[in-house]
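Worksheet: the structure to be examined is printed underneath.
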Amino acid sequence: MNSTEKFRNYINGQWQNSISGKEYDVFNPADKNQLLGSIPFCSKKDADLAIDAASSSLHEWSNITAPERGEILFEVLRIMDSRKLDLAETITLEEGKVLSDSEAEVKRAMNIIQFSAGEGRRLLGNTSQSENENNVSYTMRKPLGVVGIITPWNFPLAIPAWKIAPALICGNTVIFKPAFSTPLSAIKLVEIFEEAGLPPGVINLVTGSGSEIGQSLVEDNRVQGISFTGSTEIGTKIYSDGASKLKKIQCEMGGKNAVIVLKDADIEKAAKDVVIGAFGSTGQRCTATSRVIIEQEIYEEFIEKMLIFTKELKTGNGIDPDIDIGPLSSLDQLEKVTEYIGLGVEQGGKILIGGHRLEGEIFDDGFYVEPTIFVDVDKENIVAKEEIFGPVLISFKVADLSEALDITNDVDFGLSSSIYTKDIKQAYKYINNVDTGMVHVNSPTLGGEVHLPFGGLKSSGVGHREQGEEGFNFFSELISVYIDHS
Ligand code: UN1
């Protein structure tokens, strides 16, 4: 059903249009004829207003006690709990992922809000022994100040939550720029913060052009920190432009995550996990499995098992509970993924299953592509090296763990990886030699728990990790205090 609802920005506690009055429409990627609403198309002027508001409210917000800020986050949690299904449906409608994935995303957003709310009763510093008699020294945390939060379309609720909640508990004020194609989850999240009693100006939502708003946040001297998740190309620009302004920047970017399967692995479990890791969420997550590296003794058997599980997956509109794989999130994504598949074949890769856009009936109205497995791929093939961000898995056959590690590490990215084995020695060799920020043994490359740091090495990330204690370290400055009471 079409919605002609007009949504607004949220600046200084007011829901408002863009200054220019410009708007744009958002559609459902499972059915491009379904209009979901119109959204303010903002520019630099709107971003400036948001920065004004965040700057004016900073003093008051950072002087509210941290436990009190925590109480507001606990209230956010209670409201989210009462709206779980609506939030999950919104994610599925605008992003395309299947409803069970959206429900898991809502849960993940709630977990991080709970974790951050509790931190309001800690935000610890350290006391230390002074060199001088009758002196005391200790560290304490202060907020960074005004921070910009720039988020991608693939986790339109959880990623904003895992940046905004730690930012707020540390006493920062926020300008939130959600992805162009998924603003509705962002709007619902900000509505919840408002209802929970967040004072005006503490969170400000600006929708529209990423490049213009992002650039305003990077250039304005009143913004002290930026937390970004998205492509390596844009993250690199934000990081380097921000560095020239001496801002604190955190960028979480791409992945090309590999699973190694050794000959002693539980093949059934490993094959299931690889298929889910590669094709769940239509492969559109930075921790998706995009390479599987199999020891030669079990290669044929493992490929056979993956084929069986892949054939069982049902692709369609993610709002239908029987569906396993939703559409890609936009026409751009569809074009990018199908282009990569074409290049992979041109460069000598063989497709074992899939490889095409799905057509006919409902598929013509959305951006659907078949789950695709490549075999016999040269290590230098573009699909073996670059992040595709779609349901495409590349398989390799190797002689042993050393060769598997060489392939795993031979990419620009270093986000997540996994090994399947029962041999503790091999597992430790892998843990100690793999170049990724998150390492799994006998579990998929996917996701992470909110109390552990999330992020990667090499081109996958720069700056502090997100989540866990590192999230609070990014959003605060540690001040050293020396007191002489002699
Ligand atoms: C996950 O894969 O569970 O943009 C989270 C991304 C990552 C977050 C992924 N920053 O896909």
Side-chain angles (χ1 to χ4, degrees), residues 88 91 95-98 100-112 115 149-166 177-182 185-186 210 226-235 238-239 249-259 273-274 276-290 326 328-330 333 336-337 387-392 413-418 436-440 443-468 470-471 474:
I91 295 171
E95 201 274 348
K97 68 178 68 172
V98 297
S100 57
D101 278 347
S102 298
E103 284 168 344
E105 181 174 345
V106 175
K107 179 73 178 92
R108 196 156 172 196
M110 290 172 64
N111 290 349
I112 189 78
F115 180 68
I149 305 276
I150 306 175
T151 56
W153 46 261
N154 65 331
F155 282 86
L157 189 80
I159 292 180
W162 82 48
K163 294 178 189 290
I164 292 170
K177 161 67 184 77
F180 189 80
S181 62
T182 54
S185 310
I226 295 189
S227 179
F228 167 83
T229 297
S231 71
T232 302
E233 187 193 345
I234 296 175
I238 290 178
Y239 190 69
I249 311 271
Q250 159 185 76
C251 295
E252 213 284 288
M253 303 178 283
K256 188 70 186 170
N257 313 302
V259 171
D273 286 0
V274 168
I276 288 304
F279 305 135
S281 306
T282 326
Q284 298 179 118
R285 57 199 287 185
C286 59
T287 60
T289 304
S290 59
L328 289 162
S329 174
S330 62
Q333 269 295 103
K336 189 180 117 187
V337 171
E387 182 179 48
I388 299 172
F389 225 63
V392 181
F413 297 106
L415 186 62
S416 179
S417 64
S418 176
T436 60
M438 292 175 290
V439 178
H440 297 261
S443 62
T445 55
L446 301 174
E449 299 185 23
V450 301
H451 45 281
L452 287 175
F454 182 100
L457 312 178
K458 303 196 276 186
S459 301
S460 289
V462 65
H464 283 72
R465 295 276 190 277
E466 302 186 278
Q467 304 187 66
E470 276 299 276
F474 175 73

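Bear in mind the structure is a predicted one, so any value in this text is a computation, not a measurement. Counting starts at 1 for both ligands and their atoms, following the listed order.
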Check: Can Thr282 and Gln333 be said to form a side chain to side chain contact (heavy atoms under 4.5 Å, CB included), step by step?
Finding: CA-CA 11 Å; Thr282 326; Gln333 269 295 103; over 6 Å; no
Next item on the list: Decide side chain to side chain contact (heavy atoms under 4.5 Å, CB included) for Ser416 and His440; before the verdict, give the C-alpha distance in whole Å, the side-chain angles of both, and the deciding distance to 0.1 Å.
Entry: CA-CA 8 Å; Ser416 179; His440 297 261; 3.5 Å; yes
Item checked: Protein residues that have a heavy atom under 4.0 Å from any atom of ligand 1, sorted by chain and number -> Arg108, Asn154, Phe155, Ile159, Trp162, Thr229, Glu252, Arg285, Cys286, Thr287, Gly447, Phe454
Item checked: Side-chain donor-acceptor contact under 3.5 Å, Thr445 with Ser418 -> no
Margin query: Over 60° means perpendicular and under 30° means parallel, so tell me whether Trp153 and Phe389 are parallel, tilted or perpendicular.
Written below: perpendicular
Notebook entry, point to check: Does Ser417 reach the main-chain N or O of Ala258 with its side chain, forming a donor-acceptor pair under 3.5 Å?
Noted result: no
Note to self: Checking the side chain of Gln284 only, and the main-chain atoms of Ser329 only, is there a donor and an acceptor separated by less than 3.5 Å?
What the structure shows: yes
